[in-house]
Amino acid sequence: MTDTTTKPRLLKFETIRNFRDFGGYDSRYGGRVKMGRLYRSGHHAEASEAELQKMAALGIHVQADLRRPDEREKFKTRFAAPVTITHDGGRETDAPHIRFLSRMEVSAEDADQWMVEYYEAAPFKEHHTEMFTGWFGHLAALDGDAAGLVNCAAGKDRTGILCALTHHILGVSEADIREDYDLTNTAVDVAARLPEAAAYFNDMLGKEYPAEVFRPFMGVHLRYLEKAFATINARAGSIDGYLVDTLKVDEKMQAEIRGRLIER
């Protein structure tokens, strides 16, 4: 990791999981991505008043809430930035991973493969690409010290992909992109939370799955992000091609984002 600042990357919240600053990395364009300008997290439906005040103090102007409409309805957010990007596409009756886990029998290997296939599809889902485009458009227009926030339900998969793309535009190295993505496992303390989460899901599902079945839904694995990148490269030719042709984030917009978020 190339972060040399003294600011904390992991922000402590009692009810908001995986809240962290994803700035602070060296850029191949020279300088370093500013801290205090880019945040990522899980949902904010259970945030306390004190936590809402703490979030307000971060100066978040634009928020990409990548959750599906059914997720937003079930877990109503208690925080909304002045500009909040959402989409009404992708509605589900039940969460896809819950439907998957409700099958007759699921192994840890099955769960891992489900996540690989999710990452294969996610970058080209229409509701995702439209929100990704909106995020970059607003990021390019941020004024002063205004900050941006990316969140989804757990702040790890959809959020992980969009944050990795943001890092790519900002010239963050592949090693640091992967390290920041993998930091989810530390931020949510998967090892400590997995037994409790497994008991909760097994009770809800009426199953007796071993805890490892639930690990892919609690944390991340680098091969998931690598599958998303591989799919982007296969379908769009390159990440840069995907940014320009699929997301319509041209080089001028990318330069504006770098001008606002890289300090030299």
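No experiment lies behind these values; they were computed from the predicted model shown.
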Taking Glu73 first and then Arg91, would you say they form a salt bridge - that is, a charged N and a carboxylate O separated by under 4.0 Å? yes

For Leu139 against Arg260, the heavy-atom pair lying closest together: O-CD, 3.8 Å

With Leu225 as reference, evaluate Ile177, Asp182, Asp157 under the side-chain contact (heavy atoms from CB on, under 4.5 Å) test and give the passing residue. Ile177

Distance (rounded to the nearest 0.5 Å) between Thr84 OG1 and His138 NE2: 9.5 Å

Go through the structure and list residues passing salt bridge (charged side-chain N to carboxylate O under 4.0 Å, His left out) with Lys252, not counting sequence neighbours. Glu256

Just say parallel, tilted or perpendicular for the rings of His87 and His127, cut-offs at 30° and 60°. tilted

Answer yes or no: is there an ion pair linking Arg72 with Asp88, defined by an N-O contact shorter than 4.0 Å? yes

Is the shortest side-chain N to carboxylate O distance from Arg78 to Glu49 below 4.0 Å? yes

Hey, does the side chain of Arg258 reach the backbone of Ile169 with a donor-acceptor pair shorter than 3.5 angstrom? yes

Any donor-acceptor N/O pair, Arg264 side chain to Arg32 backbone, under 3.5 Å: no

From CA spacing to verdict: side-chain hydrogen bond (donor to acceptor under 3.5 Å, both in side chains), Arg20, Thr184: CA-CA 9 Å; Arg20 61 192 205 254; Thr184 282; 3.1 Å; yes

Hey, is the main chain of Tyr25 close enough, under 3.5 Å, to the side chain of Asp176 for a donor-acceptor pair? no

So does Cys152 get a backbone contact from the side chain of Thr159, meaning a donor-acceptor N/O pair under 3.5 Å? yes

Mind checking whether His44 and Phe19 have parallel, tilted or perpendicular rings, split at 30° and 60°? tilted

Distance-only, no hydrogens or angles: does the Thr133 side chain make a donor-acceptor pair with backbone N or O of Leu247 under 3.5 Å? yes

May I ask you to establish whether Arg215 and Tyr224 are in a cation-pi arrangement, using a distance under 6.0 Å from NZ or CZ to the six-membered ring centre and at most 45° from the ring axis? no

Between Asp145 and Lys34, does any side-chain N to carboxylate O distance fall below 4.0 Å? no

Indicate yes or no for a side-chain donor-acceptor contact from Lys156 to the backbone of Asn185 under 3.5 Å, with no hydrogens or angles considered. no

By the salt bridge (Lys or Arg N to Asp or Glu O under 4.0 Å) test, which pairs, at least two apart or in different chains, include something from residues 56-70? Asp65-Arg67, Arg68-Asp70, Arg68-Glu71

Asn18 side chain vs Gly42 backbone, donor-acceptor pair below 3.5 Å: no

Mutual orientation of the aromatic rings belonging to Phe201 and His97 [parallel < 30°, tilted 30-60°, perpendicular > 60°]: perpendicular

When every non-hydrogen atom of Ile60 is compared with those of Gly148, the smallest separation belongs to CG2-C, 4.4 Å

